[in-house]
Amino acid sequence: MNPFVLFLIYLYTCVFSPVTGYPNGKVTSACRSMRPDHGHTPQADPIHSINVDKTIFNPGDRIKVTLSGSRFDGFLVEARDAENLNGSAVGSFSLTDKRISQLLTCDGIQNSAVSHTSKERKLQVEFFWVAPANSPKHIQFLATVVQKYKIYWMKIPGPVISQPNAPSVPLKNPSSMITVVPPSASLHKRFSSAGCGSSKFCIRNPVSCDPEHNPECFFLSFRKHGQSVLVEMTGPGQGNISFVLSHDQWMVRLLSFLHFAGKST
């Protein structure tokens with residue numbers, strides 16, 4: 001063949017071949033890291049979430065898993081031992097819609113991950129996770145979501161589900177998760193209800209009280225602060241006041257009750 005023609009073919013291949021990553025979802029090479037081979041830095045704050053239909057499971061149970069959020073092109077979902085998130089995928093998945101989801105074999109474990117089948121935009125995907133006979137006591141779901149080639153979130157943490165009567169998941173490094181600021185460095189003035197219902201979630205008793213002006217106001221608020229959550233809590237009394245973060249369903253029901261009783265805003 002004419003060398004000039006060969007050069008043109010080579011030039012066309014190098015310049016015009018599309019860089020598409022994994023539009024077909026065959027991402028088994030990324031099973032362990034869950035990182036797309038896109039050459040870009042992942043986004044910091046997730047805008048997608050993972051939900052499950054129950055938080056207590058026994059080996060053999062089927063757990064419905066839903067990934068949803070702003071429109072996205074691709075995804076990878078796995079279940080891992082909540083006490084060893086860098087380990088292998090655990091259990092297996094089954095599909096509800098083979099048009100948009102497919103099963104992958106990760107670390108030699110068949111059907112242990114789910115990914116997309118095409119770049120068709122999605123708002124939500126659903127599938128089932130089946131707990132293996134030798135399942136760890138606690139399982140956490142992780143998701144990597146690709147919105148566009150350069151925009152993706154990696155290892156978005158999902159809910160932790162546990163076997164009955166399993167002990168609580170131990171914190172790997174509690175000091176790295178919670179920072180206590182000395183009161184003298186932070187409390188220059190009273191907390192305020194400003195922003196309740198818009199920039200922060202608040203629970204107040206009496207209803208609609210403002211701790212900045214009412215010392216008898218029981219007040220608890222949460223708002224995003226960089227990569228952390230800023231908690232404000234105050235109230236009258238001679239002892240201590242506290243709150244609890246828990247995956248326990250009783251605590252969830254209690255919080256729902258307080259939300260209603262205190263008419264949080």
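Counting from 1, the numbers follow the sequence of the chain as shown.
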Under 6.0 Å from the NZ atom of K54, do we count more than 12 heavy atoms belonging to anything else shown?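 Counting other residues, nucleotides and ligands, NZ of K54 exceeds 12 neighbours.
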R62 to F128 six-membered ring, cation-pi geometry met (6.0 Å, 45°):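 Ring-cation test returns yes.
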Going by side-chain hydrogen bond (donor to acceptor under 3.5 Å, both in side chains), name the residues that satisfy it together with S101, two or more places apart in sequence or in a different chain.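 Testing S101 for side-chain hydrogen bond (donor to acceptor under 3.5 Å, both in side chains), a comparison that skips the adjacent residues, returns none.
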Results of side-chain hydrogen bond (donor to acceptor under 3.5 Å, both in side chains) for D107 - residues two or more places apart only: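 side-chain hydrogen bond (donor to acceptor under 3.5 Å, both in side chains) list for D107, sorted by chain: R32, S88.
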Could you check whether any side-chain heavy atom of T117 comes within less than 4.5 Å of a side-chain heavy atom of K98, counting everything from C-beta outward?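 A side-chain contact is absent here, since even the closest heavy-atom pair is not under 4.5 Å.
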Derivation of the side-chain contact (heavy atoms from CB on, under 4.5 Å) call for F93 and V130: CA-CA 6 Å; F93 288 90; V130 182; over 6 Å; no
Selection residues 156-166 - residue pairs positive for side-chain hydrogen bond (donor to acceptor under 3.5 Å, both in side chains), sequence neighbours left out: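 For residues 156-166, and leaving out neighbouring residues, the side-chain hydrogen bond (donor to acceptor under 3.5 Å, both in side chains) pairs sorted by first residue read H138-S162.
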If the condition is salt bridge (Lys or Arg N to Asp or Glu O under 4.0 Å), which residues does K137 pass it with, not counting sequence neighbours?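 Not a single residue meets the salt bridge (Lys or Arg N to Asp or Glu O under 4.0 Å) criterion with K137.
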Could you check E120 against R99 for salt bridge (Lys or Arg N to Asp or Glu O under 4.0 Å), going step by step and ending with a plain yes or no? CA-CA 10 Å; E120 179 182 349; R99 296 174 304 156; over 6 Å; no
Assigning hydrophobic clusters by single linkage (Ile, Leu, Val, Met, Phe, Trp, Tyr; side-chain heavy-atom cutoff under 4.5 Å), is V52 placed with F57?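 V52 clusters together with F57.
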P132: partners by side-chain contact (heavy atoms from CB on, under 4.5 Å), with sequence neighbours left out: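 Only V90, W129, N134, S135 meet the side-chain contact (heavy atoms from CB on, under 4.5 Å) criterion with P132.
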For S70, enumerate each residue passing the side-chain contact (heavy atoms from CB on, under 4.5 Å) test, keeping only those at least two apart in sequence or located in another chain.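 side-chain contact (heavy atoms from CB on, under 4.5 Å) list for S70, sorted by chain: I47, H48, Q147.
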Just by distance, do the side chain of R80 and the backbone of L85 share a donor-acceptor pair under 3.5 Å?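 Present.
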Angle class for the F222/F201 ring planes (parallel below 30°, perpendicular above 60°, tilted otherwise)?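 Ring orientation, 0 to 90° scale: tilted.
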